[in-house]
Amino acid sequence: MTDKFEFIGFDACLMGTVETANILATYSRYMYGSEETEPGYGWDYTAIGDFLGEDPYADGAGLGRIVCDSFYEGCEEIDLESGATLSVIDLSEIDGIIVSFNDFSKNLYEASEDNSVLSAVVRKVKNADNYGGNNKSEGYTNMVDLAGIVSSGAGYADGADEVLSAIDKAVIYKRNGSDHSEACGLSAYYPLQLQGSAELEIFGDVAVSPYYLSFVDRTIYGSSTGGNTEDYDNSSILDLWLSSDDTEDYDDYWDCYGDCEPTGESPLIVFYDEPQFFEDGTFGFSLTDESLEYTAGVQANVYMISEDMDDLIELGVSVDIIPDWENGIFTDNFDGYWFSLPDGQILAVYVVEECDGYDIYTSPVLINGEETNLRIIHDYENDTVTIDGIWDGIDENGMAARNVYELSEGDSITPLYYASAIDSDDEYYYYGDEYVFDGEPEIYFDLLYDGEYLYGFTIDDIFGDYFVTDFVNFTVDGKDIYYSELS
């Protein structure tokens with residue numbers, strides 16, 4: 001090459017990352033990329049071609065605005081703009097991000113030697129804006145807004161303002177939907193859930209800062225040592241970063257994490273009060289002070305028992321709990337309402353994102369016989385639930401599906417559920433009945449139909465593992481719900 005490309009753009013999901021921008025800075029003046037998934041129409045090439053026809057000498061910055069605007073307008077036409085993101089990055093400014101982010105990450109790494117700081121920062125990062133799916137149904141992209149990561153550590157390490165200023169200089173234009181109104185334009189890798197050593201090997205090769213890599217590594221190290229990070233040492237990472245050109249050295253480094261996967265029995269979760277019925281009739285628990293420090297989040301699990309009493313059918317996750325983070329007390333706020341198709345079939349749902357005034361969920365389904373995920377928006381301020389599109393999620397090779405698609409009238413929807421046999425360890429899919437989509441995107445949010453259900457909690461620790469509590473029974477009978485100890 002005798003010159004850089006004017007721009008390199010990605011009409012695809014999840015490519016607006018700082019790692020990608022850092023790699024492309026050698027080869028291009030501008031980068032166009034989306035932090036989030038892209039709706040099915042993608043870019044408007046007619047608008048792009050018309051603009052270049054009128055101004056063939058436009059630079060990458062000017063063209064980038066047209067790409068972003070026409071993409072967003074296309075999303076509006078199919079009512080999928082709420083989750084859209086697209087940004088134009090001036091790659092000449094990437095060095096400013098990398099240098100300031102490395103300085104900040106060094107301060108953050110040193111501050112996180114204090115376990116209370118590590119805990120507080122990780123909890124905030126896990127609650128920052130993230131992209132893709134990052135849930136059981138869709139898989140984990142582990143992409144978090146770069147400004148969200150920096151802001152999570154801003155109260156504990158100097159240099160955050162310099163990074164945020166550098167991001168503002170590099171991201172010269174962006175269009176964000178309401179789901180991601182605060183998205184900065186670039187995301188970065190963070191292991192929201194540990195996916196094994198292969199993912200870490202890739203991250204080791206493309207990380208933009210040895211100190212950020214060390215911060216992530218210390219967190220993962222804690223998952224393999226029962227939370228003990230006192231003897232963690234990042235000298236190997238610094239040596240590899242400064243002296244080695246052989247990526248196999250990184251592969252060897254991450255091998256020790258090959259078996260480090262979530263167990264569902266995190267030893268860091270210790271109860272002061274075991275899950276129980278409190279005097280006010282709520283079901284909940286409290287954690288010890290030390291365990292609370294290790295806790296990243298709490299959600300509720302709801303299960304349905306099949307009519308023949310043979311299958312335990314997972315209905316997914318509810319965020320309708322009452323958290324008291326100051327005292328470590330968490331109680332249910334469950335009222336028996338759940339999502340269902342217009343024909344009354346209950347959907348299994350998992351949280352994608354909790355937003356201001358609404359939440360985004362995903363539901364595993366078959367669409368015309370093909371396994372995928374139904375995106376659902378619950379606008380609880382306006383009391384509406386609607387279908388937002390279809391996304392295939394992350395495949396077995398870790399590749400994210402390219403686009404989010406809309407349903408078409410006449411498509412068949414068959415609910416899917418993760419299930420297990422009550423009297424054995426067998427796990428499998430449980431299938432609902434086929435429903436033909438009539439073109440109306442409405443989803444119902446009503447009381448569960450009469451039957452026997454189970455309710456319990458999942459408690460995430462800061463190192464990527466989690467703990468599943470024992471369950472209690474609840475019976476739905478009309479508008480009445482009866483809780484009882486599990487028999």
Side-chain angles (χ1 to χ4, degrees), residues 13 36-42 44 71-84 133 135 137-138 177-180 302 304 313 315-320 335-393 401-417 429-450 476 479:
C13 297
E36 185 55 284
T37 54
E38 278 197 0
Y41 282 6
D44 183 342
F71 163 74
Y72 191 82
E73 289 163 6
C75 295
E76 287 180 316
E77 290 178 5
I78 56 175
D79 295 325
L80 292 177
E81 77 279 3
S82 61
N135 56 67
S137 181
E138 295 178 339
S178 58
D179 295 353
H180 302 292
V302 177
M304 178 172 61
I313 303 167
L315 296 185
V317 168
S318 169
V319 294
D320 200 8
D335 57 6
Y337 280 76
W338 207 258
F339 301 93
S340 65
L341 293 171
D343 66 354
Q345 289 190 89
I346 299 171
L347 293 170
V349 293
Y350 300 87
V351 178
V352 174
E353 188 170 6
E354 296 177 68
C355 304
D356 185 15
Y358 63 97
D359 296 327
I360 305 171
Y361 292 86
T362 188
S363 178
V365 293
L366 297 179
I367 301 294
N368 301 323
E370 298 294 326
E371 188 175 325
T372 186
N373 301 280
L374 201 63
R375 281 285 182 93
I376 298 167
I377 295 181
H378 181 200
D379 183 342
Y380 47 81
E381 287 192 347
N382 295 305
D383 197 26
T384 62
V385 186
T386 53
I387 296 172
D388 196 39
I390 310 163
W391 190 51
D392 292 341
R402 182 177 177 272
N403 294 111
V404 175
Y405 298 96
E406 62 176 339
L407 276 172
S408 299
E409 186 175 352
D411 284 342
S412 70
I413 305 173
T414 303
L416 290 179
Y417 313 87
Y429 268 137
Y430 191 91
Y431 294 85
D433 298 323
E434 182 182 6
Y435 166 75
V436 178
F437 180 60
D438 62 4
E440 294 297 325
E442 183 180 9
I443 292 289
Y444 293 160
F445 187 63
D446 291 323
L447 276 170
L448 291 166
Y449 48 73
D450 292 357
V476 176
K479 293 185 178 181

Please test Y358 against N382 for side-chain hydrogen bond (donor to acceptor under 3.5 Å, both in side chains), starting from the C-alpha separation and ending with a verdict. CA-CA 9 Å; Y358 63 97; N382 295 305; over 6 Å; no
Measure from the side-chain N and O atoms of Y417 to the backbone N and O of I346, and report whether any donor-acceptor pair falls under 3.5 Å. yes
Taking every non-hydrogen atom, the tightest pair across H378 and V385: CD2-CG2, 3.5 Å
For the backbone of W391 and the side chain of N373, can you confirm whether one donor and one acceptor N or O come within less than 3.5 Å of each other? yes
Given I376 and L347, is the side chain to side chain contact (heavy atoms under 4.5 Å, CB included) satisfied, shown in steps? CA-CA 11 Å; I376 298 167; L347 293 170; 3.9 Å; yes
Among L407, L416, D388, T362, which residue meets the side chain to side chain contact (heavy atoms under 4.5 Å, CB included) test with L374? L407
What distance separates E36 CD from D179 CG, expressed to the nearest 0.5 Å? 8.0 Å
Taking it one step at a time, do F437 and I387 satisfy side chain to side chain contact (heavy atoms under 4.5 Å, CB included)? CA-CA 11 Å; F437 180 60; I387 296 172; 4.1 Å; yes
At their closest point, which heavy atom of R375 faces which heavy atom of I360, and how far apart are they? CD-CG2, 4.3 Å
Is there a donor-acceptor contact under 3.5 Å from the side chain of E442 to the main chain of P342? no
Measure from the side-chain N and O atoms of S412 to the backbone N and O of N368, and report whether any donor-acceptor pair falls under 3.5 Å. yes
To the nearest 0.5 Å, tell me how far L80 CG sits from I78 CD1. 4.0 Å
For the residue pair F445 and F339, categorise the inter-ring angle as parallel (less than 30°), tilted (30 to 60°) or perpendicular (more than 60°). tilted
Side-chain contact test, heavy atoms from C-beta onward, threshold under 4.5 Å: evaluate it for E38 versus F71 and give yes or no. yes
Could you give me the CA-CA distance, side-chain angles and deciding distance for Y361 and V319, then say whether side chain to side chain contact (heavy atoms under 4.5 Å, CB included) is met? CA-CA 11 Å; Y361 292 86; V319 294; 3.8 Å; yes
Rounded to the nearest 0.5 Å, how far does OH of Y444 lie from CG of D343? 9.5 Å
Can you name the closest pair of heavy atoms from S363 and V349 and give their distance? CB-CG1, 4.3 Å
Rounded to the nearest 0.5 Å, how far does CD1 of I377 lie from OG1 of T386? 5.0 Å
Kindly determine whether Y431 and L366 satisfy side chain to side chain contact (heavy atoms under 4.5 Å, CB included), including the steps that lead there. CA-CA 9 Å; Y431 294 85; L366 297 179; 3.8 Å; yes
